[in-house]
Amino acid sequence: MLIRGGSLPGGRIADVRVGDHIDEIGDRLEPVGSEHVLDAHGGAVLPGLHDHHLHLRAMAAVLDSVTVGPPRVRTKGQLAEALSAAAAGVDGWIRAVGYHASVAGELDREQLDALRTDTPVRVQHRSGAMWILNSRALTRVGLPDHPDGRLHSADDWADALPRRVTQVADITHRLAKLGVTGITDATPDLTAEDVVTLTVAHRRGDIPQR
């Protein structure tokens with residue numbers, strides 16, 4: 001890659017040719033072959049940053065879900081508006097994230113049924129350790145008689161939740177704009193197979209998300 005017009009430490013504006021390392025720096029370099037040219041427009045040229053604690057699956061879920069917690073949603077009325085306006089995804093589910101009890105108390109299946117009954121709804125608690133499902137969703141996952149619709153990540157029931165393939169291209173673009181070129185996924189229950197899946201999906205632009 002050839003970076004054009006970048007600001008180097010000390011304020012010098014120069015072109016930078018990058019391969020496995022910085023190969024060349026000059027006032028005006030010409031592209032070589034099919035070399036990609038990036039105009040830095042005077043932006044600072046820095047080493048890539050590495051985020052050592054990031055959750056790709058959680059980030060993917062947020063980008064593809066309805067936010068139902070503070071600061072965007074703070075009251076039961078706002079929660080009702082958010083869920084009533086939500087459209088089901090390609091898998092037929094409404095996925096909501098970021099819920100906190102300060103919005104409308106401890107949610108359960110009956111409260112969700114009062115807000116939305118026509119579509120399976122799953123609301124993830126802000127902790128990431130619990131999901132609340134409405135009755136239609138519980139029936140869909142084979143738990144029609146579940147007492148309150150609250151599925152905890154430590155429970156076997158959580159494995160019944162379907163996974164949705166979520167695009168991660170937006171995530172990688174956002175990180176790159178912040179100068180983040182490497183990440184460490186800190187999700188505690190990742191297996192070796194998960195790491196391989198995440199790596200392949202990260203390159204391809206999609207990721208299976210619970």
Check V62, D64, V68 against V66 for a side-chain contact (heavy atoms from CB on, under 4.5 Å) and give me the one that passes.
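Running side-chain contact (heavy atoms from CB on, under 4.5 Å) over V62, D64, V68 with V66 returns exactly one hit, V68.
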[X] (side chain) donor-acceptor with [Y] (main chain) under 3.5 angstrom:
| X | Y | answer |
| --- | --- | --- |
| E81 | Q78 | no |
| N134 | T119 | yes |
| R4 | L29 | yes |
| D23 | G19 | yes |
| S84 | A80 | yes |
| H100 | S102 | yes |
| H146 | G149 | yes |
| R136 | D113 | no |

Under a single-linkage definition using a 4.5 Å side-chain heavy-atom cutoff for Ile, Leu, Val, Met, Phe, Trp and Tyr, are [X] and [Y] assigned to the same hydrophobic cluster?
| X | Y | value |
| --- | --- | --- |
| L8 | L46 | no |
| I132 | I94 | yes |
| W93 | L138 | yes |
| V103 | V121 | yes |
| I25 | I3 | yes |

Determine the minimum heavy-atom distance between [X] and [Y], stating which atoms define it.
| X | Y | result |
| --- | --- | --- |
| S135 | R109 | OG-NH2, 3.0 Å |
| E106 | A101 | OE2-CB, 3.6 Å |
| L2 | E30 | CD2-C, 4.0 Å |
| G142 | P144 | C-CD, 3.2 Å |
| G42 | I13 | CA-CD1, 4.4 Å |
| S7 | G11 | OG-CA, 4.3 Å |

Is any side-chain heavy atom of [X] closer than 4.5 Å to a side-chain heavy atom of [Y]?
| X | Y | result |
| --- | --- | --- |
| D51 | T184 | no |
| R122 | V141 | no |
| L38 | M1 | yes |
| Y99 | L107 | yes |

Working note: D27 + R12, criterion salt bridge (charged side-chain N to carboxylate O under 4.0 Å, His left out); need CA distance, chi angles, decisive distance, verdict.
CA-CA 9 Å; D27 293 332; R12 177 189 174 189; 3.2 Å; yes
Please list all pairs meeting ring-ring contact (aromatic ring centres under 6.0 Å, His included) that have one or both residues in residues 53-72, counting only residues at least two apart or in different chains.
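Of all non-adjacent pairs touching residues 53-72, those that pass ring-ring contact (aromatic ring centres under 6.0 Å, His included) are H53-H55.
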Could you measure the distance from the CE atom of M59 to the CG atom of D185? Nearest 0.5 Å is fine.
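Between atom CE of M59 and atom CG of D185 there are 10.5 Å.
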Would you compute the distance between atom CG of L175 and atom CG of L49 and round it to the nearest 0.5 angstrom?
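The distance works out to 10.5 Å.
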Does atom CD of E35 have more than 12 heavy-atom neighbours from other groups under 6.0 Å away?
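Atom CD in E35 is packed in, count exceeds 12.
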More than 12 foreign heavy atoms under 6.0 Å from CD1 of I22: is that the case here?
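Counting other residues, nucleotides and ligands, CD1 of I22 stays at 12 neighbours or fewer.
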Closer than 4.0 angstrom, basic N to acidic O: yes or no for D15 and R17?
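No salt bridge links D15 with R17.
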Set out, in order, the CA-CA distance, both residues' side-chain angles and the distance that settles side-chain contact (heavy atoms from CB on, under 4.5 Å) for L112 and V123, then state yes or no.
CA-CA 9 Å; L112 283 182; V123 176; 3.9 Å; yes
Given T181 and H50, is the side-chain hydrogen bond (donor to acceptor under 3.5 Å, both in side chains) satisfied, shown in steps?
CA-CA 6 Å; T181 59; H50 191 103; over 6 Å; no
